[in-house]
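Reading through the structure tokens given below for one structure.
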Amino acid sequence: MEDRLILSASHLKKSFRTGRNNNVLAVNDVSLEVIKGETLAIVGESGCGKSTLARILMRMIDADEGSIYFEGEEISGLPEKKLRVCRRMMQMVFQDPASSLDPRMKIRDIISEPLLAWKVYDSRSKREDRILELLELVDLKEDCLDRYPHQFSGGQRQRIGIARAIALNPKLLICDESVSALDVCVQAQILNLLKSLKQKMGLTCLFISHDLAVVSFIADRVCVMKNGQICEMAPASRIYNDPQHEYTKYLLSCIPQI
Amino acid sequence: MVKGIDITIPRQGIVGIVGESGCGKSMTAKSINHILPSFAQITSGSMIWHDPSGQVCDLVTLKEKEIRKRCGTDIAMIFQEPMTSLNPMMRIGDQIKEVLRIHRLETNGEKAKARVIEMLDAVEIPEPAIRYKAYPHELSGGMRQRVMIAMAMIGNPKLLIADEPTTALDVTTQAQILKLIRRMCETYNMSALMITHNMGVVSNICDYVYVMYLGTIMEQAPTSELFGNPMHPYTRGLLSSIPGVYDNPEFLKTIPGNIPVDRKKFKGCEFCIRCSNDIKKCFFEQAPLYRISEDHYIRCHVRGGNDGDINNGASVTEKEE
């Protein structure tokens, strides 16, 4: 495997049973490669399989067929115990910041949970330092540590979710519709934050979204999905200025222009 | 929650209210046909309904029964999530027919059914006669929203209130639904009030736009004027924080801070603490509506200037049609 790739997948297939004799092919023969340091965006309409693909890549669900390589090592068949090392390297930020944070945990506990699980720091004070550092990275104030998720706005909650995701210095960050539930102003703030974090920490990012405008702001490469298949994958500038596939053209024509 | 809003909807015009969540745009819409949640009341103001026949009435003072009569025939509403606003236990055709039955627009069952099918056809649902018998869960999101529109349109209303009609939909479906609403307005001589947070939707479909922030109208202008020449710092901030499709800056310009939670503290301009113009007056005095040009008004001390005409925004009126 080449060194420049962080994640690659070949011929992934996944189907779900929807009825006695009905199967839906959510992901149909998808192969893709994520290059170190880039932001690869997956766009498509709802139901096109983009979230399923992300979940398969994270091994949250298992594919029916195909293989996944993370940093050159095949992870598609790995048992859960060995997978744990990889899990540390890939983290996820979810769409709904309200339901992805435990309402009964204080912010301090939420952010320190990954650090505790991995026993990164042996002393409490070192851990505390790291938490403060993380808070600064996501532009939150120190006084929020002893508060609960419901006391924050949507944008702040998403910042907490991001702090938790980057706590272990992951190599790959998967953002599944991370900004879709936010208002435009807050969305812009979070997009800026993700972009600056990527620069500061050298993160590789897999960004899943249905919003082509958001994707055009953040992505280096774009992969357009339809009905579980990739119809076009190209550098962002090419997708937007010179789309090849009919479906990409159609998607672009549907964006309301301001 | 909503303070002193003046809105005028012209006949056959499409008017939009944009704002972030919690700014009171839905409350404004719901106050029109009296479906406010129980903790909210209209404390003052009036909503003048100009009937095509020349009659004028104030919707605020109408009784429950009278407003019920108007909902569906004069004013119809469509909501954001079509799945939760349709009855999952009823076939869609029967749900639409219910409007005709309740308002006694068509008492003959067969004729009513024919009208429903005709309506389903008008909202571009393929095979309307077969779909008549479908249940909501059998349809896609876009189709459900079409059913909602059919249900709203069958009473031939004069005003359609659309509360975030496309938020739950994909871009491709959104484009189709917007086109459909526009066409419906033209063919049925109807006005529409679009409530949305999406600037793109507004610029696509509306003739006139109100920008709302914390229960107040910050800026109002014809669509082309608002997007071509935004004056209020809030409108400018909103527009600059939307990523473009073709050209993007390295980082988006955002409005600093968050929407304040405790609104009672403000004596002055609602936007003052997040505004880039740091002027003392803004903290103590609520800005009146300044007139910029013929149809363009803003509520800002700094940008409104002193030479602009002052339209006294203190009176609370909401006017439809």
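Source: prediction; values computed, not measured. Below, read A as the first sequence line, B as the second, and so on, with proteins coming before strands; counting in each chain starts at 1.
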To the nearest 0.5 Å, what is the distance between [atom1] on [X] and [atom2] on [Y]?
X	Y	atom1	atom2	answer
L191(A)	I242(B)	CG	CD1	12.0 Å
N192(A)	E250(B)	CG	CD	9.0 Å
K195(A)	N248(B)	NZ	CG	6.5 Å
L252(A)	Y246(B)	CG	OH	4.5 Å

Flag yes if more than 12 heavy atoms outside [X] fall under 6.0 Å of its [atom1] atom; otherwise flag no.
X	atom1	value
E186(B)	CD	yes
K253(B)	NZ	no
R182(B)	CZ	yes

Pick whichever of [options] has the most heavy-atom pairs under 4.5 Å with chain A.
options	result
G141(B), G244(B), S240(B)	G244(B)
L252(B), I205(B), T254(B)	L252(B)
V202(B), V171(B), N198(B), D170(B)	D170(B)

Check: Is S241(B) reaching over with its side chain to a backbone N or O of Q187(A), donor-acceptor style, under 3.5 angstrom?
Finding: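 A pair under 3.5 Å: no.
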
Margin query: If we ignore hydrogens and angles and just use 3.5 Å, is the side chain of Q189(A) paired with the main-chain N or O of P256(B) as donor and acceptor?
Written below: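 Checking the backbone N and O of P256(B) against the side chain of Q189(A), no donor-acceptor pair under 3.5 Å is found.
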
Notebook entry, point to check: S153(A) versus chain B, heavy atoms under 4.5 Å apart: side chain, backbone, both or neither?
Noted result: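 Only the side chain of S153(A) comes within 4.5 Å of chain B.
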
Check: With only heavy atoms counted, which part of S196(A) is less than 4.5 Å from chain B, the side chain, the backbone, both or neither?
Finding: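 Both backbone and side chain.
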
Shortest non-hydrogen contact from [X] to [Y]?
X	Y	result
G200(B)	P256(A)	O-CB, 3.3 Å
A213(A)	P243(B)	CB-O, 3.3 Å
C185(A)	L238(B)	SG-CD2, 3.7 Å

Check: Considering only heavy atoms from C-beta outward, does the side chain of M199(B) approach that of V184(A) to under 4.5 Å?
Finding: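 No - every pair of side-chain heavy atoms lies 4.5 Å or more apart.
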
Checklist line | Region of F227(B) that comes under 4.5 Å of a non-hydrogen atom in chain A | finding: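 Contact with chain A: side chain only.
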
